[in-house]
Amino acid sequence: VNRVWTMAEAETFQWLGYSVDNGEKLWGPTNIEMRDMQYFSSGSGAGQRAVTAYGNIYTQGYGGEMFCIDTKTGALVWKYNNTYSGLQSPWGYLPLLLAAIADGKVYAFNNEHSPNSPLYRGYKVHCIDAYTGEAIWTMNGWAGTIGGHGVSTCILADGFFVYYNFY
């Protein structure tokens with residue numbers, strides 16, 4: 001939408017934006033405060049994995065935070081981090097991974113690549129307003145990923161959101 005190519009610096013948690021038309025740097029690096037575990041975006045290692053929609057990038061991570069960043073300016077639009085777990089996980093937060101984005105909604109889920117047994121309690125599937133970051137609904141469930149890379153096995157089509165539940 002904004003003709004911006006984005007890049008993340010894994011070591012600093014910062015994003016940069018470049019023009020698709022001429023390669024010029026448009027903005028960045030960003031200065032968004034993140035939880036330390038956010039360094040791990042998924043089972044694939046360091047760096048923020050993101051999905052682009054509506055002129056924004058939406059990030060995921062093991063810190064249990066999701067950020068919406070405007071690709072035109074690099075400004076933080078919203079942050080969602082309703083994932084505190086107390087003693088239910090080793091790091092105190094539930095990883096939050098992206099499943100799908102459609103119809104003005106971001107679907108995300110708590111999961112991690114190598115869970116302990118018994119499974120941690122409190123994992124959910126989240127539906128978040130893509131423009132405001134407000135929770136629309138949450139539902140108990142441990143949705144799945146493929147091969148530990150944080151790639152969702154959730155399916156969103158024809159008004160249905162389907163996932164298998166590890167619980």
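These numbers come from the heavy atoms of this one structure, side chains and all, not from hydrogens, waters or symmetry mates.
Considering only heavy atoms from C-beta on, Ile32 comes within 4.5 Å of Phe67 through its side chain. For the pair Lys79 and Met66, the minimum side-chain heavy-atom distance is 4.5 Å or more. Within the 4.5 Å cutoff, no side-chain heavy atoms of Gln60 are placed close to those of Leu96. With a 4.5 Å cut-off on side-chain heavy atoms, Tyr62 and Tyr93 do not count as touching. Counting only heavy atoms from C-beta outward, the side chains of Phe160 and Ile155 never approach each other to under 4.5 Å. Residues Val125 and Tyr163 meet the side-chain proximity criterion, which asks for heavy atoms closer than 4.5 Å. A 4.5 Å side-chain heavy-atom check between Cys154 and Phe161 finds at least one atom pair inside the cut-off. You'll find the side chain of Val51 stays beyond 4.5 Å of the side chain of Ile57, heavy atoms only.
One finds the OG atom of Ser89 at 6.0 Å from the OH atom of Tyr123 (value rounded to the nearest 0.5 Å). Rounding to the nearest 0.5 angstrom, the gap separating the CG atom in Asn165 from the CH2 atom in Trp142 is 10.0 Å. Here Glu24 contributes atom CD and Leu26 contributes atom CG; the two are 7.5 Å apart, rounded to the nearest 0.5 Å. A distance of 12.0 Å separates CZ in Arg35 from CZ in Phe13, rounded to the nearest 0.5 Å. Note that CZ of Arg121 is 11.0 Å distant from OG of Ser85, once rounded to the nearest 0.5 Å. The distance from atom CG of Leu94 to atom OH of Tyr84, rounded to the nearest 0.5 Å, is 10.5 Å.
Minimum interatomic distance between Cys68 and Leu76 (heavy atoms only, all atoms of both residues): O-CD1, 3.5 Å. What you find for Ala102 and Leu156 is that their closest heavy atoms are CB-CD2, 3.5 Å. The two residues Gly104 and Tyr131 come nearest to each other via the heavy atoms CA-CE1, 3.8 Å. Closest heavy-atom contact between Trp78 and Gly133: CD2-CA, 3.2 Å.
No donor-acceptor pair closer than 3.5 Å links the side chain of Asn2 to the backbone N or O of Val4. Put simply, the side chain of Trp137 never gets that close to the backbone of Ile128: no donor and acceptor are under 3.5 Å apart. Here the side chain of Asp70 pairs a donor or acceptor atom with the backbone of Lys72 at under 3.5 angstrom. Side chain of Thr73 to main chain of Ala75: a donor-acceptor pair is present (N/O by atom type, distance under 3.5 Å, no hydrogens or angles). Side-chain atoms of Asn81 do not come within 3.5 Å of backbone N or O of Gly64 as any donor-acceptor pair. For Gln14 (side chain) and Pro29 (main-chain N/O), no donor-acceptor pair under 3.5 Å exists by modelled atom type.
Screening Thr138, Thr83, Asn110 for a side-chain hydrogen bond (donor to acceptor under 3.5 Å, both in side chains) involving His126 leaves a single residue, Asn110.
For Phe109 and Tyr107, the distance between ring centers is not under 6.0 angstrom.
Annotation for Asp36: atom CG does not count as buried by contact number, only 12 or fewer foreign heavy atoms lying within 6.0 Å. Shown here is Asn22, whose CG atom has more than 12 heavy atoms of other residues, nucleotides or ligands within 6.0 Å.
Side-chain heavy-atom separations under 4.5 angstrom define the hydrophobic clusters, and the remaining members of the one that includes Met7 are Trp5, Leu16, Tyr18, Val20.
Residues satisfying the side-chain hydrogen bond (donor to acceptor under 3.5 Å, both in side chains) test with Thr30, not counting sequence neighbours, are none. Applying the side-chain hydrogen bond (donor to acceptor under 3.5 Å, both in side chains) criterion to Thr132, with sequence neighbours excluded, gives Asp129. Taking Tyr58 as the reference, Asn56 meet the side-chain hydrogen bond (donor to acceptor under 3.5 Å, both in side chains) condition, with sequence neighbours excluded. Among residues two or more places apart in sequence or in another chain, the salt bridge (charged side-chain N to carboxylate O under 4.0 Å, His left out) test is passed with Arg3 by Asp21. Residues meeting the side-chain hydrogen bond (donor to acceptor under 3.5 Å, both in side chains) test with Asn31, sequence neighbours left out: none.
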Candidate pair Glu65 and Met34, rule side chain to side chain contact (heavy atoms under 4.5 Å, CB included), full reasoning: CA-CA 8 Å; Glu65 297 182 297; Met34 298 181 189; 3.8 Å; yes

Thr6 vs Thr71, side chain to side chain contact (heavy atoms under 4.5 Å, CB included): CA-CA, chis, key distance, verdict: CA-CA 7 Å; Thr6 59; Thr71 60; 4.2 Å; yes

